[in-house]
Structures are given as C-alpha cells and as structure tokens.
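Numbering of ligands and ligand atoms starts at 1, following listing order. Positions are given from 1 along the sequence. Worth saying up front: this structure is predicted, and the values here are computed from it rather than measured.
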Amino acid sequence: MITLENVSKEFEVKGKTIKTIKALNDVTLNVPKGTIYGVIGSSGAGKSTLIRCVNLLERPTCGKVVIGDKELTQLKERELILARRKIAMIFQHFNLLSSRTVFENVALPLELSHLSKDQIKNKVNDLLELVGLADKKEAYPSNLSGGQKQRVAIARALANDPEVLLCDEATSALDPATTQSILELLKEINTRLGLTILLITHEMEVVKRICDRVAVIDKGELIETGTVSEVFSNPKTALAKRFIASTFHNELPQEYLDRLHPNPDDKSEPIIRFEFTGKSIDAPLLSQASKQFGIDFSILMSQIDYAGGVKFGFVIAEVVGEHEKILQAKEFLREHKVKVEVLGYVE
Ligand SMILES: Nc1ncnc2c1ncn2[C@@H]1O[C@H](COP(=O)(O)OP(=O)(O)OP(=O)(O)O)[C@@H](O)[C@H]1O
C-alpha cells in the first residue's frame, strides 16, 4: 500500500558554511495494505522526516514514494493535493483549531471537499460516535483532555475516508492509560475500516501493543525490519534489543541493589538475569537446569509479555549451588537460546 524506494533526504543548513544533513539514507520500506506498521527510533534518527516524506510534506532528495497505484513523487501539485485527501495524518500535539468547536474541527476537511451541510452533519456525527465523543460536539479544544483532543484529531483525519493514516508520535504527549485507549482506538479503526496505518514512535511499548510489523531506524537508515513477533523473538541489532529491553520494568529492589557487588567470593551467590524470547520461553528450562545440575533458583522478579503473538520475558534469580554446576547450567541455558547475564553477587 505504501512503498518507499531508495528514499534519501538531505537538508542544507546555513551557518558560516553550508552543511548538509543526511536525514534519510536510501530508505526502502513496504507497508502492506491493512497493516499497522511502526517505525521506531531514537531522537534525531529521522522518524519525522520519514513520515513527512510519505505524504510529501517533505520532498525526498531522491527516491520514489508510491501509495496504492500512485507514484506521489511523479504527481503535479494539483494531483498531489487530491491524492493527499486519501492520506490522513495525526500529530503529537493534535493541531486542532482552537477557535472551532469539536464539531467544526471535524467538519473542516468536509467543507474543503464541498459536501452539503446535511452530508457534513451526518458524517461528523458518525465520526464523533466512532471516536467516542458524541457528547462533546459543542466543546472547544481548550476544554478537552489530551486524549479527547487526539480523538477529535483522529475523527478529523478520517473525514475524507482515507486509505492511509500516518501517525507522528500520536501518543507521546499522553499518559500511559490515555495512550492505551488511543492505541485501542487506532486498532479498532484499522480493523473496522481496513485502514493502513504507518506510525512513528520512540516507544517500543506502542509497537508491542498494536503493530503488525516494525522497522528500526538509526541515523537515517532502516537497520532492521520484520514482523513484530520476528523482531521481538529474535532481535538482530543492538538497538532493537535495547528498545525491547526498555519495555521491561526490571529494576531490582533497592535492598538487593545495595547488597550487590561486582565480584564473587567464597560465600556469594550470583544474581542472574535470564532473558527468554520466542522458542526458549515455552520449555521449562529453569526447572530442567535445576534438576540436571542440582542447583536452585530463588526468583526475585520476573515478567512475561506478549508481542505479535509471541511470548517473551525475563527472570532475575539468585542462583544457589556449586560454582562449577552453575557454570554448566548457564551454558545449558545459552544453548537453549536464553540470554544469561550475571548482574552481580550477594552473600
Ligand atoms: N528542516 C530541517 N532542516 C535541517 N535539518 C533537519 C530538518 N528536519 C530535520 N532535520 C535533521 O534531520 C535529522 C532527523 O530529524 P528528524 O526530526 O526526522 O528525527 P526524529 O527521529 O523525528 O527525531 P525526534 O524524535 O527528536 O523528533 C536530525 O539531525 C535533524 O536535525
């Protein structure tokens, strides 16, 4: 549905000398129809530039942008304006018009499409119903919460029955509970309307909640792409691993952190973090290791989660047993695709 082919974007920044910034470097991306595709990256990685290149708010320096059967990079300005009606966008800061009511904000794109008053009224009412804001028609944006403002922006984005919805950090300004409800709404829209959604985010949590596919962007390049289950079960790049780790709340209790020291001695036991992904998680590997090597795991914390239908998670445990046996158990677990990391030692 959305194809970027070898897209690069350079900015020239004027200072004492003219400096060229390569915000996107040879990006090729294919977003299948009806999917929710997440692009994740750190600040300055090129996410906004990428999503703005999709509807040509930024014109790529080179490369092709194709949406459906239209190559946008070839269209004349008038044709592009028409094509953009089918490419909606929502933003981190909602971009609502403060002087218009909720109804009037959603009606705006329909007025620009020259629909009749009755048609506009019916359509806006349906859209506000869809986003759960039927009772806020007459309110002004300043009297709405962040989540409600984003719902208005979503309703407005859907007004012209788009085929594609671009989400530029759409939940970054929202608290976790509101983020969750907006993500659920996007998922519902995707399922009910068959809308293709491309979103950019710096939060793996967002990808984990709703995306089917994900691409990791770093310094303007897509360094890893795949289905969410593929990337979560077998992340290839260090950056993807870091983003996945950020979805865990794996800080040990302070009491343990205070007792933890970096080097072993005769009386200390290791505190080990075991990370499970995809295949490793379904086997009872810790209890197998316990039986086979005669060691004990005293579990301090653990978290198991789902992404794209794949289970993944971690266990942090104090491991009690003979030094040699613990080494063998660590090897056994590594052979079974468990990531093993000694966090330190306690007595
Ligand atoms: N209009 C512009 N002029 C010059 N440089 C720009 C422009 N827009 C973006 N850049 C540069 O391009 C690079 C990518 O920026 P971009 O905003 O796409 O990153 P991002 O991943 O969206 O970051 P953030 O999450 O902080 O918004 C950065 O180095 C940025 O400074």
Side-chain angles (χ1 to χ4, degrees), residues 2-31 36-65 67 72-73 80 84 87-95 146 149-150 153 157 164-176 178-179 182-183 186 197-211 213-226 228 231 235 237-247:
I2 304 173
T3 305
L4 303 187
E5 238 178 80
N6 308 105
V7 166
S8 294
K9 174 72 188 177
E10 291 176 0
F11 292 106
E12 296 212 320
V13 184
K14 290 192 185 104
K16 274 186 191 152
T17 55
I18 294 180
K19 214 173 120 193
T20 303
I21 293 176
K22 204 152 198 178
L24 292 180
N25 188 11
D26 201 23
V27 168
T28 293
L29 178 77
N30 181 28
V31 182
I36 305 186
Y37 203 119
V39 177
I40 185 163
S42 312
S43 182
K47 304 182 295 293
S48 297
T49 308
L50 182 142
I51 206 157
R52 290 165 62 82
C53 277
V54 173
N55 55 4
L56 262 52
L57 282 179
E58 292 289 358
R59 202 164 259 281
T61 311
C62 61
K64 267 191 198 176
V65 178
I67 296 199
L72 298 197
T73 27
L80 185 59
R84 279 205 187 110
I87 313 166
M89 192 162 183
I90 57 171
F91 304 87
Q92 180 175 1
H93 295 297
F94 326 119
N95 295 12
K149 284 181 199 168
Q150 196 58 290
V164 166
L165 177 64
L166 307 175
C167 307
D168 186 350
E169 296 275 11
T171 55
S172 295
L174 306 175
D175 61 60
T178 312
T179 292
I182 293 295
L183 294 178
L186 291 175
I197 299 181
L198 175 64
L199 63 85
I200 58 162
T201 180
H202 62 278
E203 294 170 302
M204 204 53 154
E205 203 61 39
V206 170
V207 172
K208 194 173 84 182
R209 293 269 166 256
I210 61 163
C211 292
R213 303 182 78 88
V214 60
V216 182
I217 186 169
D218 187 33
K219 300 189 190 80
E221 294 184 15
L222 294 190
I223 57 167
E224 185 160 352
T225 57
V228 168
V231 173
T237 58
L239 188 58
K241 287 177 193 166
R242 273 222 308 279
F243 278 123
I244 292 169
S246 72
T247 67

Numbered atoms of ligand 1 (with element) below 4.0 Å of Val13, judged on heavy atoms:
4 (C)
With rounding to the nearest 0.5 Å, note down the distance linking CD1 in Ile2 to CD1 in Ile67.
5.0 Å
Any donor-acceptor pair under 3.5 Å from Gln150 side chain to Ala170 backbone:
yes
Okay, side chain of Arg84, backbone of Asn55: is any donor-acceptor separation there less than 3.5 Å?
yes
Looking at ligand 1, does Gly41 have a heavy atom less than 4.0 Å from it?
no
Among protein heavy atoms, which sits nearest to atom 4 (C) of ligand 1, and what does the distance come to when rounded to 0.1 Å?
Phe11 CB, 3.4 Å
Between Leu50 and ligand 1, which residue portion shows a heavy-atom distance shorter than 4.0 Å: side chain, backbone, both, or neither?
neither
Just distances here: any N/O of Glu58 and N/O of ligand 1 closer than 3.5 Å?
no
Got the closest protein heavy atom to atom 12 (O) of ligand 1, with its distance?
Ala23 CB, 3.4 Å
Counting heavy atoms only, which of Ser43, Ser42, Ser48, Gly46 is nearest atom 22 (O) of ligand 1?
Ser48
Among Thr171, Leu183, Thr179, find the residue that satisfies the side-chain contact (heavy atoms from CB on, under 4.5 Å) test when tested with Arg209.
Leu183
Please check this pair: side chain of Lys47 against backbone of Gly41, looking for a donor-acceptor N/O pair closer than 3.5 Å.
yes
Closest to atom 29 (O) of ligand 1 (judged by heavy-atom distance), picking from Ile21, Thr201, Thr20:
Ile21
Is there a donor-acceptor contact under 3.5 Å from the side chain of Arg52 to the main chain of Asp168?
no
In terms of residue, atom name and distance, what is the protein heavy atom nearest to atom 25 (O) of ligand 1?
Lys47 NZ, 2.8 Å
Which residue and non-hydrogen atom of the protein lie closest to atom 23 (O) of ligand 1, and at what distance in Å?
Gly44 N, 2.7 Å
Look up atom 20 (P) of ligand 1 and tell me if a protein heavy atom lies less than 4.0 Å from it?
yes
Are the side chain of Lys64 and the backbone of Asn6 linked by a donor-acceptor contact shorter than 3.5 Å?
no
Where the side chain of Thr61 meets the backbone of Glu10, is there a donor-acceptor pair that is under 3.5 Å apart?
yes
At what distance is the nearest protein heavy atom to atom 16 (P) of ligand 1, and which residue and atom is it?
Thr49 OG1, 3.6 Å
